[in-house]
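To keep things clear, I will list the structure first and then write my remarks on it.
Read the numbers this way: they start at 1 and go in the same order the structure lists the ligands and their atoms. These values consider heavy atoms only, across backbone and side chains, with no hydrogens, waters or symmetry-generated copies.
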Amino acid sequence: MIEIIENIKKQFEAETEKVKSLSELEELRIKYLGRKGNISNAFSLISDVPAEQKPQFGKELNQLKQQAEAVYNKIEESFKTKSKSLMLDLTLPGRRSFTGSKHPLIQTAEEIKGIFSNLGFVIEDGPEIETDYYNFGALNFPENHPSRDMQDTLFISKDVVLRTHTSPVQIRVMEKQKPPIRMIAPGRVYRRDTPDASHSPFFHQIEGLVVSEGVTFADLKGVIESFAHIMFGKDINVRFRPSFFPFTEPSVEYDFSCVFCRGKGCKVCKGTGWVEISGAGMVHPNVFKSVGYDPKKYTGYAFGMGVDRIAMLKYNINDIRIFFENDVRFLNQF
Ligand code: DAH
């Protein structure tokens with residue numbers, strides 16, 4: 001009977017030589033040391049062993065079990081240290097993790113919003129899909145005004161458009177609130193334009209509106225000037241030129257002295273020393289009427305601002321399309 005133990009031992013030793021992986025080692029463990037393994041089975045043979053051999057049989061079998069366990073542990077340990085040293089190569093260069101960054105337009109919009117918040121403006125929001133009424137009608141666009149023309153406006157249906165500007169948010173806010181109002185509304189707008197360096201079928205505006213009793217054009221000038229100074233520096237001048245918008249009277253377009261040459265004249269400002277920013281004006285009485293405000297009691301000013309335009313000036317970018325291509329080589333720089 002003792003040979004049985006000898007045989008198991010020889011077989012076990014031969015098989016340990018061949019183990020090449022932790023999974024093979026596990027198979028070996030199950031085969032010999034598992035609950036139904038060869039060694040455990042041998043223990044159940046003890047009842048068949050002649051009485052005088054029983055002590056020796058038991059002793060040797062126990063020894064075999066301990067040896068097998070020790071061998072198993074040793075092989076396991078060597079596999080583990082080997083795989084650990086394989087995993088940890090201290091000579092490898094470190095893996096750099098890349099953090100994302102905010103899109104330059106988001107950064108610019110946040111900066112503009114921050115400036116106006118500090119000037120006491122509340123931030124409002126409106127839908128990008130608008131009705132003809134909010135985008136045009138309530139803003140005093142006559143029925144046959146060229147801005148309603150298919151050329152500029154992307155229509156969803158006869159009376160529903162992708163908003164062409166953020167001005168409709170003025171109407172939505174005035175409809176739900178009584179004066180005083182002091183708000184800005186940032187957002188995306190859409191126009192039927194062919195993309196080129198200065199045109200994109202969608203871009204971003206920030207609308208401003210202040211309504212109260214006794215608001216004057218001087219207040220508008222003051223706010224735009226403050227903005228220019230905070231955004232681009234105290235030496236920036238602001239110029240207002242007469243213009244026309246249906247929803248303001250009088251209307252202006254306003255320019256900043258060129259942020260690159262500080263007004264001296266360069267390529268960006270085409271030698272004029274000025275860069276065009278957007279439009280503004282005093283809210284037209286008809287606009288007040290369409291929201292049920294008394295135009296004799298209240299006055300107000302409104303202004304637009306192109307976020308993309310401001311970002312192009314801030315970061316010296318000469319093509320608006322680059323904002324929307326999402327080339328990481330460009331975005332990584334911000
Ligand atoms: N909505 C105009 C545009 O998209 C910009 C504008 C002009 C906004 C005059 C105003 C304003 O609030 O008073 O071109």
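With ligand atoms numbered from 1 in the order given, ligand 1 contributes 6 (C), 7 (C), 9 (C), 11 (C) to contacts under 4.0 Å with heavy atoms of G279. Close contacts of ligand 1 with R191, meaning ligand atoms under 4.0 Å from a residue heavy atom, involve 3 (C), 4 (O), 14 (O). Using a 4.0 Å cut-off to heavy atoms of G281, the atoms of ligand 1 that qualify are 13 (O). Every atom of ligand 1 with a heavy atom of S167 under 4.0 Å away is listed here by number and element: 1 (N), 8 (C). Atoms of ligand 1 lying under 4.0 Å from at least one heavy atom of F245, given by number and element, are 7 (C), 9 (C). Near Q170, meaning under 4.0 Å from any of its heavy atoms, are these atoms of ligand 1: 12 (O). Which parts of ligand 1 touch Q205 is read off a 4.0 Å heavy-atom cut-off, strictly below it: atoms 3 (C), 4 (O).
Under the 3.5 Å distance criterion, the side-chain polar atoms of S257 are left unmatched by any main-chain donor or acceptor of I236. With hydrogens and angles ignored, the 3.5 Å screen pairs a side-chain donor or acceptor of H103 with a backbone N or O of F323. Looking only at distances, a side-chain donor or acceptor of T272 sits under 3.5 Å from a matching main-chain atom of W274. Side chain of R309 to main chain of E276: a donor-acceptor pair is present (N/O by atom type, distance under 3.5 Å, no hydrogens or angles).
Among protein heavy atoms, atom 5 (C) of ligand 1 sits closest to S278 OG, 4.1 Å. Among all protein heavy atoms, the one lying closest to atom 12 (O) of ligand 1 is E207 OE2, 2.6 Å. In this structure, atom 8 (C) of ligand 1 lies nearest to the protein heavy atom G304 N, 3.4 Å. Among all protein heavy atoms, the one lying closest to atom 11 (C) of ligand 1 is F247 CE1, 3.4 Å.
Ring-plane geometry between F247 and H165 is classed as perpendicular, the angle between the planes exceeding 60 degrees on a 0 to 90 degree scale with a lower cut at 30.
Y134 carries R172 over the face of its six-membered ring, with the cationic atom under 6.0 Å from the centre and within 45° of the normal.
Here the two rings, on F116 and F227, have centers that are under 6.0 Å apart.
With respect to K176 and E124, a salt bridge is recorded, a charged nitrogen being found less than 4.0 Å from a carboxylate O.
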